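Everything numeric in this text was worked out from a predicted model, so none of it was measured. Below, chains carry the letters A, B, ... as their sequence lines are ordered, and counting in each starts from 1.
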2 protein chains.
Amino acid sequence: MARTPQKPSTAPSGNAITADLVAVLVAVTDGTPKIMTIAGGSALPSGPFEFSHRSLQTALRAWVEAQTGHPLGYVEQLYTFADRGRSGDARTPHSVSISYLGLTREDQVGEGFEAHWTGWYGYFPWEDHRAGVPPFLAKVITPKLKAWAKSAPSPTLQRERWQRCAINFGLDDRAWNEELVLQRYELLYEAGLIPEAGREHGRDTAVVPGKPMTADHRRILATGIARLRAKIKYRPVVFELMPAEFTLLQLQRSVEALAGRLVHKQNFRRLIEQQELVEETGAMAADTVGRPAKLFRFRHAVLAERAVAGTKLPLTRT
Amino acid sequence: MARTPQKPSTAPSGNAITADLVAVLVAVTDGTPKIMTIAGGSALPSGPFEFSHRSLQTALRAWVEAQTGHPLGYVEQLYTFADRGRSGDARTPHSVSISYLGLTREDQVGEGFEAHWTGWYGYFPWEDHRAGVPPFLAKVITPKLKAWAKSAPSPTLQRERWQRCAINFGLDDRAWNEELVLQRYELLYEAGLIPEAGREHGRDTAVVPGKPMTADHRRILATGIARLRAKIKYRPVVFELMPAEFTLLQLQRSVEALAGRLVHKQNFRRLIEQQELVEETGAMAADTVGRPAKLFRFRHAVLAERAVAGTKLPLTRT
DNA sequence: CATCTTATGCTCACGGAGAGTATAAATGGC
DNA sequence: GCCATTTATACTCTCCGTGAGCATAAGATG
């Protein structure tokens with residue numbers, strides 16, 4: 001950037017670059033959070049931004065709708081980054097990647113596309129704590145992190161490194177914080193424990209389970225998951241991922257799938273109902289084990305009624 | 001964007017564009033939140049992004065540090081938008097604007113620059129509720145909004161419009177929500193009540209107080225203020241705006257300045273102290289009226305100790 | 001000394017959230 | 001038909017965070 005402030009100009013003021021959109025499209029099916037992937041699951045869908053659209057958001061919607069054949073429920077910009085530090089070669093044309101989070105439903109994807117829905121925990125197995133803390137977290141990841149912390153040059157740095165690890169991974173009797181998805185990924189990256197980092201540093205890094213992705217895509221996915229996990233706590237966005245009618249347990253399972261942790265059933269229901277987020281359809285769920293559950297639908301009116309439309313979920317802390 | 005997903009490529013894949021950085025630099029002096037402006041206060045500092053930097057964040061830091069002569073405490077990306085819908089002319093080279101929020105202190109700005117610190121409430125006078133609800137809100141803005149709502153084509157739309165107004169501006173006995181800065185600005189924009197909208201629609205719009213800005217800059221500023229107002233509630237970022245040593249009242253005044261509303265003094269102190277965010281320096285404030293206050297400093301250690309480092313502030317609701 | 005201003009300590013009541021108990025309503029196996 | 005199993009749903013209880021107010025201390029000013 002210039003050293004002195006300048007008036008903003010519409011004239012070309014710097015080197016020409018290209019802009020790409022990268023999408024984290026999320027759906028939840030049968031308690032599994034999935035993302036749309038291409039190239040055999042090794043990349044997120046992306047493409048050049050065409051300025052024929054009025055805005056970035058419009059461009060993304062148009063593109064996704066062409067993909068899935070139905071309107072995208074919720075779209076949110078994630079982050080923009082410049083593609084240089086990671087790609088290496090300074091002579092390649094620079095590009096800016098603008099990433100988005102979008103929420104859909106799997107069943108509405110059109111035919112004849114190369115895209116696939118892939119469970120997101122395949123990329124971040126350590127993020128799924130629904131069945132308790134994953135065993136390999138203590139067996140594989142923790143020792144490796146400990147070793148990495150020990151390898152710091154000074155005792156102070158060693159302690160700082162370990163503190164970061166403990167905070168982010170809920171070690172040393174700390175609570176697991178499901179929102180720190182990106183921080184955990186970056187920590188593992190920094191510790192050289194994932195393939196993407198290995199590409200850069202030339203180290204052997206295939207030690208931690210989890211499928212890698214092209215370029216920065218796994219980092220973008222981590223950003224998206226983190227954003228979504230934070231968002232469901234105070235905005236009623238889960239409903240974008242639900243079918244038109246659902247039981248409260250299905251809703252709860254979706255929330256748990258996204259958060260990667262279980263919630264207290266009775267409290268969950270109390271919160272959902274007291275906030276008047278849903279209304280009974282009158283019908284009951286068919287094909288179920290156990291006592292049949294009432295079917296509910298989302299009350300779209302709440303979006304208009306409330307500003308923040310708080311979706312307090314029992315995910316604060318345990 | 002392409003209609004089918006593509007592998008991400010580093011090769012030039014679209015039309016060439018330029019990338020600009022726009023900065024919302026905030027400082028708080030004597031209970032007044034200020035932003036760095038150029039061009040007589042009509043624009044935010046901005047400039048082309050130079051790819052010589054490793055990342056966008058690095059570029060922004062370097063540039064700001066050249067401006068102010070001291071390291072930027074806290075930097076956060078705000079939003080990226082494409083400059084087309086607003087600028088109009090389809091033939092001008094397209095550009096992408098990437099906006100950032102940065103926190104500093106006014107006293108550390110270097111000499112010899114065209115930049116100035118300007119109080120942000122000059123641009124958003126309706127956002128300052130520290131002395132109660134601004135009178136012109138009820139006298140000027142509310143009637144205009146009511147008229148705008150009434151002008152909707154159908155009764156349903158009229159009701160919806162008014163509901164939006166009421167929610168965002170705390171009308172009809174609703175509570176004021178200080179975080180809805182952007183929504184309020186967009187509502188006023190949509191209602192054609194501010195000059196920036198007038199430029200586009202050719203309407204007479206200088207009815208609501210508040211200085212306009214170039215292009216989208218006031219919108220970007222609104223985004224920054226909203227983000228900051230939300231952030232101070234759960235991250236200890238206020239301290240980036242404070243001098244090294246401060247009294248609890250000074251800290252409270254800064255928070256109030258940012259939030260645009262007053263907080264309960266005793267509860268504020270209780271929260272700050274119980275979270276161990278500060279420690280006494282041992283010294284007392286000089287040059288004061290009333291009983292002298294202890295001086296405190298921020299405990300930087302908390303940043304390492306806690307993951308989320310919650311700064312619960314008594315700003316939830318009233 | 002009276003008054004003003006700010007600092008600081010303490011209490012109280014309400015409501016939200018976590019957690020547990022109890023009961024109802026279905027299915028499938030024997 | 002009875003029992004085990006599974007899920008739905010209704011209550012209750014306790015703890016704590018938070019909003020709000022009262023009371024007192026410690027300085028300056030006239």
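Side chains of Phe296(B) and Leu277(B) form no contact here, defined as non-hydrogen atoms less than 4.5 Å apart.
Between the CG atom of Leu251(B) and the P atom of dT8(C) there is a distance of 13 Å, rounded to whole Å. The separation between Glu273(A) atom CD and dA8(D) atom P is 12 Å, rounded to whole Å. Taking atom CE of residue Met284(A) and atom P of nucleotide dT6(D), one finds them 20 Å apart after rounding to whole Å. Summarising the geometry, the separation between CG on Leu271(A) and C1' on dT9(D) is reported as 15 Å, rounded to the nearest angstrom. Spacing between atom CD of Gln274(A) and atom C1' of dA10(D) amounts to 15 Å, rounded to whole angstrom units. In this structure, Leu295(A) places its CG atom 11 Å from P of dA8(D), rounding to the nearest Å. Summarising the geometry, the separation between CZ on Arg269(B) and C1' on dT18(D) is reported as 17 Å, rounded to the nearest angstrom. Whole-Å rounding puts the Phe268(A) CZ to dG16(C) P distance at 18 Å.
Set against dT5(C), dA7(C), dA8(D), the side chain of Val289(B) has dT5(C) as its closest nucleotide. Set against dA17(C), dG27(D), dA25(C), the side chain of Pro292(A) has dA25(C) as its closest nucleotide. Comparing dT12(D), dT7(D), dT18(D) by their nearest atom to the side chain of Arg270(A) picks out dT12(D).
Listed for the Asp172(A) side chain is no donor-acceptor partner under 3.5 Å among the backbone atoms of Arg174(A). Remark: the backbone N or O of Met242(A) is paired with a side-chain donor or acceptor of Arg105(A) at under 3.5 angstrom. Side chain of Glu127(B) to backbone of Gly260(B): no donor-acceptor contact under 3.5 angstrom is found.
A sub-4.0 Å separation between OP1 or OP2 of dT9(D) and a side-chain N or O of Lys265(A) is absent.
Leu228(A) pairs with exactly one of Leu258(A), Leu78(A), Val238(A) by the side chain to side chain contact (heavy atoms under 4.5 Å, CB included) rule, that one being Leu258(A).
Within a 6.0 Å sphere centred on CG of Asp30(A), heavy atoms belonging to other residues, nucleotides or ligands number 12 at most.
For the pair Arg184(B) and Trp176(B), the cation sits on the ring face: its NZ or CZ lies under 6.0 Å from the ring centre, inside 45° of the axis.
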N/O contacts under 3.5 Å, protein versus nucleotides 20-24 of chain C?
from	atom 1	to	atom 2	distance (Å)
dT21(C)	O4	Gln266(A)	NE2	2.6
dA24(C)	N3	Arg291(A)	NH1	3.0

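Looking at heavy-atom distances under 4.0 Å, Leu248(B) makes no contact with the nucleic acid at all.
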